[in-house]
Amino acid sequence: DDRVEISPEQLAAASDEAERMSAEMGLTTRVVGWYHSHPHLAVVPSHVDVNTQAMYQQLDSAFVGLIFSCFNSGLVVPGVPTGTQALLQDGLS
């Protein structure tokens, strides 16, 4: 399994750091979102991504989620599961 998820402790630490920076600089800073990559896959959110974003948006409705596909230069095929996108684009269906 290659899923990597942020722990609640890591998210709390990021929020604490934003608060520390706010106090130090006299400016309001905060965590505004999260990002990750889908190497060799389409940027279509997985069910884990959708659930993660929903959880964050319960805390902050403006929370942003970004997915980068670093190696997939093809088009997303609508209705095709994300794990098979790269195979289809390489002609290996």
Say whether F63 and M55 are linked into one hydrophobic cluster, either directly or through other cluster members, by side-chain heavy-atom distances under 4.5 angstrom.
yes

Restricting to non-hydrogen atoms, name the atom on H38 and the atom on V44 that form the minimum distance, rounded to 0.1 Å.
CE1-O, 3.4 Å

Would you indicate whether the side-chain heavy atoms of W34 and V64 approach each other to under 4.5 Å?
no

Does Y35 reach the side chain of I67, with side-chain heavy atoms less than 4.5 Å apart?
no

Residue list, side-chain contact (heavy atoms from CB on, under 4.5 Å) with Q10, at least two apart or on another chain:
I6, S7

To the nearest 0.5 angstrom, please state how far the CD atom of E24 sits from the CD atom of E17.
8.0 Å

N51 vs Q53 side-chain heavy atoms within contact, under 4.5 Å
no

So NE2 of H36 and CG of L66: to nearest 0.5 Å the spacing works out to 10.0 Å

I'd like to check the side-chain contact (heavy atoms from CB on, under 4.5 Å) partners of T28; sequence neighbours left out, ordered by chain and number.
none

Which heavy-atom pair separates V50 from P45 by the least distance, and what is that distance?
CG2-CB, 3.9 Å

Donor-acceptor pair, side chain of D16 and main chain of A13, under 3.5 angstrom
no

Take T52 and Y56, measure what side chain to side chain contact (heavy atoms under 4.5 Å, CB included) needs, and give me the verdict at the end.
CA-CA 6 Å; T52 300; Y56 287 138; 3.4 Å; yes

By side-chain contact (heavy atoms from CB on, under 4.5 Å), S22 pairs with (sequence neighbours left out) T29

Using 0.5 Å steps for rounding, measure from the CE atom of M21 to the CZ atom of R30.
14.0 Å

